[in-house]
Enquirer: 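The structure that follows is given in the form of structure tokens.
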Amino acid sequence: MPENVAPRSGAPAGAAGGRGKSAYQDRDKPAQIRFSNISAAKAVADAIRTSLGPKGMDKMLVELSKAQDIEAGDGTTSVVIIAGSLLDSCTKLLQKGIHPTIISESFQKALEKGIEILTDMSRPVELSDRETLLNSATTSLNSKVVSQYSSLLSPMSVNAVMKVIDPATATSVDLRDIKIVKKLGGTIDDCELVEGLVLTQKVANSGITRVEKAKIGLIQFCLSAPKTDMDNQIVVSDYAQMDRVLREERAYILNLVKQIKKTGCNVLLIQKSILRDALSDLALHFLNKMKIMVIKDIEREDIEFICKTIGTKPVAHIDQFTADMLGSAELAEEVSLNGSGKLLKITGCASPGKTVTIVVRGSNKLVIEEAERSIHDALCVIRCLVKKRALIAGGGAPEIELALRLTEYSRTLSGMESYCVRAFADAMEVIPSTLAENAGLNPISTVTELRNRHAQGEKTTGINVRKGGISNILEELVVQPLLVSVSALTLATETVRSILKIDDVVNTR
């Protein structure tokens, strides 16, 4: 019996102790909140270190990764790892009793100096230098699942960007001008770049699969019998009236189709309608007789791209359907993809509006989506070079250089600032050490060796993952746009500074 009593008598004492402790901790709350925020974000950064692009990260780091994706389109993993490493440094500095504001301002100083160092390291690039663009795209694709297809996808990405911009004057690339069409079946080798328009919708009338010298109309009204505005019912009492209704319907549709034919249109794209059938069987029958190719269910969001590509204008009412609203192309053809469905290609547009389509093929959904993401990243890398025409070595070289130069810079500062900038510099070494770790090398000896080589002035020495050692990364053609590195550094530092500013959390019920 006494044994049972013991725990019970002990319980309240423990509870009381807990209460006292929490009251004492409250004074310490801002520092604790800071540490808990930092450790939460750090845990995520550590989790993501060994992988590329997992989903479901800590909120702030997700936003950080997204921001990097929008700004540069590549380097989304690096940006989170750098942020995690900087947070690690913050923890040590805070534990030493340095005020968060001093850390934050010193980091800003280090960032400004860091961007200067990166810019000095970079080398200018011309958009006419195709070889360099290809190397950048290949470097981006090498970290993806579809890396073995980089020899096919890199030139495709470079060609796509070059077709939609004027290299002499462009300052950015609108990636909406490059449409990626996914079609299940085949392999990644079957991916292709099409100058023109590719639609996945089937041709509605079976007899016509090829139209040369196409005049293309795009309509947003319905080719079917009109309905009453409200939900009315018409009761027909005898056959004569029924015949009249059907005759009227036939005449009405025939009139619409004749007006379409009169403009010289021979390919008709019909926007998807949710209210009623966009195309009745009768209308299709008439269009078939008049040898007009019909493609229905064109999505609303594709309209702008279609208009830009083939120079047509969308028509909302039959009265506006005139010859000048049509776009023209050399050929509209339904292409069969050896047993895995069909695609409609419209090529040889008379007034091409600087758009291209990339058709992505793959044996299953996962492969296609991975290929699409990889192509998107490669396109973004080339976009970065259009925005900021400078390249920098990859393979951890810029980060080691930053660590060295910022450590030198910290010696010119005094007091706490010097200490914080030094911590910022050390945090940069996380990228080369992670690269070495993931390549199966010894991170400590690799980073030490890198530091040594950079101290001797070999700015472009980095980790060669393929050969498992250290080499001049520029000779290995591992390059990345300057914008990717600058943007990653800037965004990571900004995020860390904002996490430092949080000193309390209000629980919402």
Enquirer: Side chains of Thr490 and Leu111: closer than 4.5 Å at any heavy-atom pair?
Expert: yes
Enquirer: Main chain of Cys384, side chain of Lys388: is a donor-acceptor contact present, judged purely on distance under 3.5 Å?
Expert: no
Enquirer: Checking side chain to side chain donor-acceptor pair (under 3.5 Å) for the pair Ser150/Thr138: CA distance, chi angles, key distance, verdict?
Expert: CA-CA 6 Å; Ser150 58; Thr138 309; 5.2 Å; no
Enquirer: Grab the two heavy atoms, one from Ile253 and one from Ser280, that are nearest each other, plus how far apart they are.
Expert: CD1-OG, 3.5 Å
Enquirer: Does Arg361 use its side chain to pair, donor to acceptor, with the backbone of Asp190 at less than 3.5 Å?
Expert: no
Enquirer: Okay, side chain of Asn288, backbone of Leu284: is any donor-acceptor separation there less than 3.5 Å?
Expert: no
Enquirer: Please say whether more than 12 non-hydrogen atoms of neighbouring residues, nucleotides or ligands are located less than 6.0 Å from NZ in Lys183.
Expert: yes
Enquirer: Measure from the side-chain N and O atoms of Asn266 to the backbone N and O of Ala214, and report whether any donor-acceptor pair falls under 3.5 Å.
Expert: no
Enquirer: Working note: Glu192 + Lys345, criterion salt bridge (Lys or Arg N to Asp or Glu O under 4.0 Å); need CA distance, chi angles, decisive distance, verdict.
Expert: CA-CA 12 Å; Glu192 59 174 331; Lys345 283 187 190 171; 2.9 Å; yes
Enquirer: Determine whether Ile318 and Asn255 make a side-chain contact, defined as any pair of heavy atoms from C-beta on separated by less than 4.5 Å.
Expert: no
Enquirer: If you measure from CD on Glu370 to CD1 on Ile188, what distance do you get to the nearest 0.5 Å?
Expert: 8.5 Å
Enquirer: Please walk me through it: do Thr355 and Thr309 pass side chain to side chain donor-acceptor pair (under 3.5 Å)?
Expert: CA-CA 6 Å; Thr355 60; Thr309 307; 2.8 Å; yes
Enquirer: If you measure only the distance, is there a donor-acceptor pair under 3.5 Å linking the side chains of Asp377 and Ser140?
Expert: no
Enquirer: Do Arg405 and Glu401 sit within salt-bridge range, that is, some charged N less than 4.0 Å from a carboxylate O?
Expert: yes
Enquirer: Any side-chain heavy-atom pair from Leu268 and Ile260 closer than 4.5 angstrom?
Expert: yes
Enquirer: Considering non-hydrogen atoms only, spot the tightest contact between Gly217 and Cys265 and give its length.
Expert: N-SG, 4.0 Å
Enquirer: Could you tell me whether the side chain of Cys307 reaches within less than 4.5 Å of the side chain of Ile303, counting heavy atoms only?
Expert: yes
Enquirer: Determine, for Lys163 against Glu195, whether the closest basic-nitrogen to carboxylate-oxygen distance falls under 4.0 angstrom.
Expert: yes
Enquirer: Is there a donor-acceptor pair under 3.5 Å between the side chain of Thr209 and the backbone N or O of Glu334?
Expert: no
Enquirer: For Ser328 and Lys215, work out which heavy atoms get closest and say how close.
Expert: CB-NZ, 3.8 Å
Enquirer: Could you tell me whether the side chain of Ser157 and the main chain of Leu153 form a donor-acceptor pair under 3.5 Å?
Expert: yes
Enquirer: Which atoms form the tightest heavy-atom contact between Ser485 and Ile392, and what is the distance?
Expert: OG-CG2, 3.8 Å
Enquirer: Applying side chain to side chain contact (heavy atoms under 4.5 Å, CB included) between Ser136 and each of Val484, Leu385, Val158, Ile382, report the one that passes.
Expert: Leu385
Enquirer: With side chain to side chain contact (heavy atoms under 4.5 Å, CB included) as the test, would you mind laying out the steps for Lys182 and Glu372 before giving the verdict?
Expert: CA-CA 8 Å; Lys182 295 181 283 191; Glu372 184 197 16; 3.2 Å; yes
Enquirer: Quick one: CG on Asn472 to CZ on Arg453, what's the gap to the nearest 0.5 Å?
Expert: 8.5 Å
Enquirer: Take Val161 and Leu133 through the side chain to side chain contact (heavy atoms under 4.5 Å, CB included) test and state the conclusion after the steps.
Expert: CA-CA 10 Å; Val161 172; Leu133 297 181; over 6 Å; no
Enquirer: Taking everything shown except Met242 itself, do over 12 heavy atoms lie less than 6.0 Å from its CE?
Expert: no
Enquirer: Taking 4.0 angstrom as the limit, do Glu248 and Arg250 come out as a salt bridge?
Expert: no
Enquirer: Which is it for Met428 and Leu86 under the side chain to side chain contact (heavy atoms under 4.5 Å, CB included) test, yes or no, and what are the steps along the way?
Expert: CA-CA 8 Å; Met428 287 300 119; Leu86 288 173; 4.2 Å; yes
Enquirer: For the CD atom on Gln108, are there more than 12 heavy atoms of other groups (residues, nucleotides or ligands in this structure) within a distance under 6.0 Å?
Expert: yes
Enquirer: Assess whether salt bridge (Lys or Arg N to Asp or Glu O under 4.0 Å) is satisfied between Glu494 and Arg497, documenting all intermediate values.
Expert: CA-CA 5 Å; Glu494 281 171 6; Arg497 290 184 66 198; over 6 Å; no
Enquirer: State whether the number of non-hydrogen atoms from other residues, nucleotides or ligands found under 6.0 Å of Lys296 atom NZ is greater than 12.
Expert: no
Enquirer: I'd like to know whether CG of Asp281 has more than 12 heavy-atom contacts from other residues, nucleotides or ligands below 6.0 angstrom.
Expert: no
Enquirer: Measuring only between side-chain heavy atoms, which start at C-beta, is Leu118 closer than 4.5 Å to Leu482?
Expert: yes
Enquirer: Return the minimal non-hydrogen interatomic distance between His454 and Thr461, and the atom names on each side.
Expert: NE2-O, 2.7 Å
Enquirer: May I ask you to test the Pro432-Thr446 pair for a side-chain heavy-atom distance under 4.5 Å?
Expert: no
Enquirer: Does Met290 offer a backbone N or O that forms a donor-acceptor pair with the side chain of Lys261 under 3.5 Å?
Expert: yes
Enquirer: Rounded to the nearest 0.5 Å, how far does OG of Ser433 lie from CD of Glu399?
Expert: 10.5 Å
Enquirer: So which atom in Ile82 and which in Ala492 form the shortest heavy-atom distance, rounded to 0.1 Å?
Expert: CG2-CB, 3.8 Å
Enquirer: Just by modelled atom types, is the Gly196 backbone N or O under 3.5 Å from a matching donor or acceptor in the Thr357 side chain?
Expert: yes
Enquirer: With a 4.5 Å heavy-atom cut-off, do Met156 and Cys191 have their side chains touching?
Expert: yes
Enquirer: Using modelled atom types only, decide if a donor and an acceptor are shared between the side chain of Thr312 and the backbone of Met325 within a distance under 3.5 Å.
Expert: yes
Enquirer: Using a 6.0 Å cut-off, check whether atom CZ of Arg130 has over 12 heavy atoms from anything other than its own residue.
Expert: yes
Enquirer: Kindly determine whether Glu476 and Lys467 satisfy salt bridge (Lys or Arg N to Asp or Glu O under 4.0 Å), including the steps that lead there.
Expert: CA-CA 10 Å; Glu476 299 289 337; Lys467 292 184 182 166; 3.1 Å; yes
Enquirer: Is any side-chain N of the basic residue among Asp177 and Lys308 closer than 4.0 Å to the acidic one's carboxylate O?
Expert: yes
Enquirer: Report yes if the side chains of Asp324 and Leu326 come closer than 4.5 Å at any heavy-atom pair, otherwise no.
Expert: no
Enquirer: Count the heavy atoms of every other residue, nucleotide or ligand shown that sit under 6.0 Å from CD of Glu126, and state whether that count exceeds 12.
Expert: no
Enquirer: Walk me through it: do Arg244 and Arg247 pass the test side chain to side chain contact (heavy atoms under 4.5 Å, CB included)?
Expert: CA-CA 5 Å; Arg244 234 179 87 202; Arg247 260 205 317 277; 3.5 Å; yes
Enquirer: Which class fits the ring pair Phe221 and His317: parallel under 30°, tilted 30 to 60°, perpendicular over 60°?
Expert: tilted
